[in-house]
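Written out below as structure tokens is the structure these notes cover.
Predicted model, so just to flag it, every value in this text is computed and none were measured.
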Amino acid sequence: MSGSRATRISPSPSSFVEYSTTCGSLLHELQRIWDEIGESDCERDKMLLQLEQECLDVYRRKVESAKKYKTDLRKTLDEAEEEVANIASALGEKSLILKLEKRKGTLKEQLLSIKPILEEFQHKREERMKEFCEIQSQIIQLCSEITGEAVTDKQIDNRDLTAKRLGEIKLDLQGLQREKNLRLQKISSHVRSIYELSDVLSGDFSETMNEIHPSLGSSSTNSQSKSISNVTISRLDQAVNSLKHEKEQRLRKLQDLGSTLIELWNLLDTPADERKRFDHVTTLISAPVNEVTKRGSLALDIIEQAEVEINKLNILKASKMKELVLEKQKDLEEIYKSIHIDVDTQTTRQILATYLESGDADISDLLSNVDDQILKAKELALSRKEILDKVEKWKLASVEESWLDEYEKDQNRYSAGRGVHKNLKRAEKARILVGKLPSLVENLMMKVKAWEEEKGIVFLYDKMPLLDLLQQYAVYRLEREEEKKRSRTLILQEKKRLQDQLATEQETLFGSKPSPVRAQTLKKPLGQSNNSNSMIGTPTGRNVFTPRQGKDRKASNKASAVAAAPVNYVALAKDDCVAHIDSAVSSP
């Protein structure tokens, strides 16, 4: 390059000749002038030396200027090469760097050759930077939308503009776009859930959306412009959970109200027409929360209507519950009465009435308590049923036994007359039934003892221990049999005495024994009427032994010992005769 520049600076031969001629003529002109002036040789030498120095200075400045120009060209070329290399490196164009290392020609030629390459790479860099900036801008926008806060713009690294790096930030952008889509889907799902829940609860959907974020409340807002920030999604989550919780609470409350309505309706015998007004409440009693989707089915006004209806029914219930408690108490008394358990009904009713009128009574608890007592009373009645059935048989047999005693005391019972046949049939059945009394009483005593051992309490029958009554009856029956035997013996003795006395009187009057016909007449039982046409009926005096009488029967049995039983009385075979008697017993 220096040789080329020297060539350019050095004059051509013709120019040198011209240059030399010019310098020579000028020097000759200068010599002539000096001659004319009369300059000394010393001055002349001095001035020539100065002239030569000035020429050298001019050449030197030109050389320095040329060197500087060369340096500037080299620097410009190097900078261009460096910039191309940097851009190529940033763009990942390594093949271009190898081409630049093989360049040839002068500095200007090299500079001219690299200039279009530099411009091309600068254009590529600008396009790549523009692409990076667009992607980076979208990433920043998405990050800002997701976080809900302003995100600082990151400076793009000019040293790394490779396609690989571009692909990486594109992947980041795609990831953020997918995240946005997922968030939009989630938001749409939450918005739909809030709409459905608000519809069921009769809530203000628009107001709820505006409270979460204004972009969600406007129907004209594009889905892409809706807020997808973490705060918005968090608020949506909270709103959905809150509405679901509210739905569950309202449903649970309506189910409780519905159950209460049904209980009150059943208790008050409410007509079906009135019940239909609250079908929308009672149908929810067994409904799962996810299946309740009808518009306004869990609205507050529906709950308020149900509560008002319950309050109204409770007012009716308060009066009817008192009647119901008294009725159930009466049922309880009837149960105790039917199983011959004595209770102080008058005192119990007075206490109950006072308690109900005080206003402090919990009617439901009281009714539940009475129901429990009724249940226990029914269980007790069931455990006493078999024994009470046998007691009824015993009472019936005792009644028939007393009737039979009175019947057999009637001397005219065999006389022809109205109703004789019926009395004979009844007497036959009574003898069969009375014949079963000993085994019946013994069996009953065993049952009572077993019951008392199992329950650990005394079996009371109208305030008295049943076992004591049975034992008293056994003693009474034994004494009665002895009385019968004594009565028969006394009758036979009296009969023999009278017969002997009559025979003695006959012998005294007639001096001989009575004829066979008269003797046969004397053998007839005393007190038997000869009038076969006399009318007889059922004896009216019935002295019956029942569990009420106890030992009071002993005195009456002794007083009746004067009457005589027929000589030919024989107890007939036992018969399975079961009779039903009245249930008139003492009131509990």
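Side-chain contact between Asn210 and Glu207: absent, with no pair of heavy atoms (C-beta onward) separated by less than 4.5 Å. Using a 4.5 Å cut-off on side-chain heavy atoms (C-beta onward), Gln305 and Arg277 make no contact. No side-chain heavy atom of His123 sits less than 4.5 Å from a side-chain heavy atom of Glu119. Side-chain atoms of Lys337 and Glu334, non-hydrogen and from C-beta on, do get closer than 4.5 Å to each other. Looking at heavy atoms from C-beta onward, Lys115 lies out of side-chain contact with Leu118 at the 4.5 angstrom threshold. Residues Arg252 and Val289 fail the side-chain proximity criterion, which asks for heavy atoms closer than 4.5 Å. Residues Arg44 and Asp35 form a side-chain contact, since some pair of their non-hydrogen atoms from C-beta on lies under 4.5 Å apart. Looking at Glu131 and Lys170, their side chains come closer than 4.5 Å, going by heavy atoms from C-beta outward.
Pairing each heavy atom of Leu313 with each of Trp265, the nearest pair is CD1-NE1, 3.6 Å. Between Leu254 and Val281, the closest heavy-atom pair is O-CG1, 3.8 Å. Residue Ser297 comes nearest to Leu284 through the heavy atom pair O-CD1, 4.0 Å, listed as atom of the first residue, atom of the second, then distance. The minimum heavy-atom distance linking Cys143 with Leu176 is given by the pair SG-CD1, 3.8 Å. Listed here is the closest heavy atom pair of Ala306 and Leu257: CB-CD1, 3.9 Å. Across Leu166 and Arg128, no two heavy atoms sit closer than the pair CD2-CD, 4.0 Å.
Using a 4.0 Å cut-off between a side-chain N of Lys or Arg and a carboxylate O of Asp or Glu, Arg165 and Glu168 qualify as a salt bridge. A salt bridge links Lys312 to Glu309: one of the charged nitrogens lies within less than 4.0 Å of a carboxylate oxygen. Contact check on Lys130 versus Glu126 returns no salt bridge, with no Lys/Arg side-chain nitrogen under 4.0 Å from an Asp/Glu carboxylate oxygen. For Arg61 and Asp57, the salt-bridge test fails: no basic side-chain N is under 4.0 Å from an acidic carboxylate O. A salt bridge links Lys124 to Glu120: at least one charged side-chain nitrogen sits closer than 4.0 Å to a carboxylate oxygen. Salt-bridge check for Glu39 with Lys46: failed, with every basic side-chain N at 4.0 Å or more from each acidic carboxylate O. Under 4.0 Å is where a charged nitrogen must lie from a carboxylate oxygen, and between Lys247 and Glu196 no such pair does. Ion pairing between a basic and an acidic side chain is recognised when a charged N comes within 4.0 Å of a carboxylate O; Lys328 and Asp331 show no such pairing.
At distances below 3.5 Å, not a single donor-acceptor pair connects side-chain atoms of Ser137 with backbone N or O atoms of Cys133. Side-chain atoms of Thr71 come within 3.5 Å of backbone atoms of Lys67 as a donor-acceptor pair (strictly under, hydrogens ignored). Side-chain N or O atoms of Ser144 include none that pairs as donor or acceptor with a backbone N or O of Ile140 at under 3.5 Å. When atom types are taken as modelled, the side chain of Ser215 and the backbone of Ser227 share a donor-acceptor pair closer than 3.5 angstrom. In this structure, the side chain of Arg275 engages the main chain of Thr270 through a donor-acceptor pair within 3.5 Å. Looking only at distances, a side-chain donor or acceptor of Gln255 sits under 3.5 Å from a matching main-chain atom of Ala287. Ser198 places a side-chain N or O within 3.5 Å of a backbone atom of Ile194 that can act as its donor or acceptor partner. Remark: side-chain polar atoms of Gln110 are paired, donor with acceptor, to backbone N or O of Gly105 under 3.5 angstrom.
Between the side chains of Ser206 and Asp204, no donor N or O sits under 3.5 Å from an acceptor N or O. A donor-acceptor pair shorter than 3.5 Å can be found between the side chains of Gln249 and His245.
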(request) Quick one: do Asp72 and Lys68 satisfy salt bridge (charged side-chain N to carboxylate O under 4.0 Å, His left out)? Show the steps, please. (result) CA-CA 6 Å; Asp72 291 341; Lys68 185 176 181 301; 3.2 Å; yes
(request) Test Leu73 against Thr106 for side chain to side chain contact (heavy atoms under 4.5 Å, CB included), laying out the working first. (result) CA-CA 10 Å; Leu73 287 177; Thr106 64; over 6 Å; no
(message) Let's go through Val191 and Ile187 carefully: what are the C-alpha distance in whole Å and the side-chain angles of both, what is the deciding distance for side chain to side chain contact (heavy atoms under 4.5 Å, CB included) to 0.1 Å, and is it a yes or a no?
(response) CA-CA 6 Å; Val191 170; Ile187 289 172; 4.0 Å; yes
(request) Report the C-alpha distance between Phe278 and Ile262 in whole Å, list the side-chain angles of each, state the deciding distance to 0.1 Å, and finish with yes or no for side chain to side chain contact (heavy atoms under 4.5 Å, CB included). (result) CA-CA 10 Å; Phe278 291 92; Ile262 291 177; over 6 Å; no
(request) Please test Asp199 against Arg192 for salt bridge (charged side-chain N to carboxylate O under 4.0 Å, His left out), starting from the C-alpha separation and ending with a verdict. (result) CA-CA 10 Å; Asp199 194 39; Arg192 185 167 54 254; over 6 Å; no
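How far CD1 of Ile310 is from CD of Glu263: 9.5 Å, rounded to the nearest 0.5 Å. Note that CG of Asn181 is 12.0 Å distant from CZ of Arg183, once rounded to the nearest 0.5 Å. Note that the CD1 atom of Ile228 and the CG atom of Leu216 stand 11.0 Å from one another [nearest 0.5 Å]. His280 contributes atom NE2, which lies 4.5 Å from atom CD1 of Ile302 (distance to the nearest 0.5 angstrom). With rounding to the nearest 0.5 angstrom, the CD1 atom of Ile212 is 4.5 Å from the CG atom of Leu236. Atom OG1 of Thr232 and atom NE2 of His190 lie 11.0 Å apart (nearest 0.5 Å).
More than 12 heavy atoms of other residues, nucleotides or ligands sit less than 6.0 Å from atom CZ of Phe205. Counting non-hydrogen atoms of neighbouring residues, nucleotides and ligands closer than 6.0 angstrom, the CD atom of Glu36 exceeds 12 such neighbours. Applying the 6.0 Å contact sphere to CZ of Arg295 captures no more than 12 heavy atoms from other residues, nucleotides or ligands.
By the side-chain hydrogen bond (donor to acceptor under 3.5 Å, both in side chains) test, Glu274 pairs with no residue at all, sequence neighbours left out. In this structure Gln122 satisfies the side-chain hydrogen bond (donor to acceptor under 3.5 Å, both in side chains) test together with Glu83, sequence neighbours excluded.
Residue Ile341 is tested with Ile335, Leu460, Leu380 for a side chain to side chain contact (heavy atoms under 4.5 Å, CB included); the sole match is Leu380.
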